[in-house]
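Naming convention: chains lettered A, B, ... in sequence-line order (proteins, then strands); numbering from 1 in each chain.
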Amino acid sequence: GAGVSQTPSNKVTEKGKYVELRCDPISGHTALYWYRQSLGQGPEFLIYFQGTGAADDSGLPNDRFFAVRPEGSVSTLKIQRTERGDSAVYLCASSLTGGSTEAFFGQGTRLTVV
Amino acid sequence: KNEVEQSPQNLTAQEGEFITINCSYSVGISALHWLQQHPGGGIVSLFMLSSGKKKHGRLIATINIQEKHSSLHITASHPRDSAVYICAVKRPPLVFGKGTRLSVIA
């Protein structure tokens, strides 16, 4: 597609439920990043994929969070046993490579855990 | 200490003023981004820099690699420039500053 697409744009879920957030990067972009942005804060890094593999997952807060990118294109961020503190905007970005190439951002998924 | 520090955190300016937002970082990077985020909106990349200076319309971004410092300047500011401006360094991945909230008053 023309840009980075994230679905859904909004997700409301009950505490304890499982959610999946999807990111469609720009076609051909090998690097894909997931970030989380809480209200009034800058984005926090979660995980970075280069191709199909997670090059850096040091930002995942705990083992309830997991992300995959099985074919090196679409990525899914999975959150198990959601907690109210998981409420945030989850941002995805992609770039042509992982080096000094420009990153392009999706509009984000606003997750609200009630 | 954050790897990326921005100043000021909040800035209010009168329309027409020249604005400067600063970013300092403490890690080795491959590039630095200046990003714009409107309330409730997505993030838009304004500039990506690895050296020198870039200009786009009323926006100018500079970077000094040796001093690990970058500035974003807005000339002849306008109320529509009101947004959060975020500095992010690419290691990779992108590491973000906390942003500068700019309000331009007519």
I'd like to know if B/Trp34 and A/Phe104 are part of one continuous hydrophobic network [Ile/Leu/Val/Met/Phe/Trp/Tyr, side-chain heavy atoms within less than 4.5 Å].
no

Contact class of B/Leu35 relative to chain A, heavy atoms under 4.5 angstrom
side chain

Atom pair OG/CE of A/Ser95 and B/Met48 - distance to nearest 0.5 Å:
9.0 Å

Atom group of B/Gln6 that falls short of 4.5 Å from chain A, counting heavy atoms
neither

If we define contacts as heavy-atom pairs under 4.5 Å, which of A/Ala103, A/Ala31, A/Gly106 has the most with chain B?
A/Ala103

Checking A/Leu91 against chain B: side chain, backbone, both or neither under 4.5 Å from a heavy atom?
side chain

So if you build clusters from Ile, Leu, Val, Met, Phe, Trp, Tyr with side-chain heavy-atom gaps below 4.5 Å, do A/Leu111 and A/Leu39 land together?
no

Can A/Phe65 be reached from A/Leu32 by stepping across I, L, V, M, F, W or Y side chains whose heavy atoms are under 4.5 Å apart?
yes

Determine the sole option in A/Trp34, A/Tyr48, A/Phe49 for which the side chain to side chain contact (heavy atoms under 4.5 Å, CB included) test with B/Pro93 is passed.
A/Tyr48

Is the side chain of A/Tyr35 donor-acceptor paired with the backbone N or O of B/Phe96 at a distance under 3.5 Å, no angle test?
no

Which heavy-atom pair separates B/Ile43 from A/Phe105 by the least distance, and what is that distance?
O-CB, 3.5 Å

Check for me, please, whether B/Phe47 and B/Val84 land in the same ILVMFWY cluster - side-chain distances under 4.5 Å, paths through other members count.
no

Part of A/Gln37 lying under 4.5 Å from any heavy atom of chain B
side chain

Can you name the closest pair of heavy atoms from A/Thr97 and B/Lys90 and give their distance?
O-NZ, 3.7 Å

Part of B/Leu94 lying under 4.5 Å from any heavy atom of chain A:
both

Answer with yes or no whether the hydrophobic clustering places A/Leu46 together with A/Val19; edges join I, L, V, M, F, W, Y residues whose side-chain heavy atoms lie under 4.5 Å apart.
yes

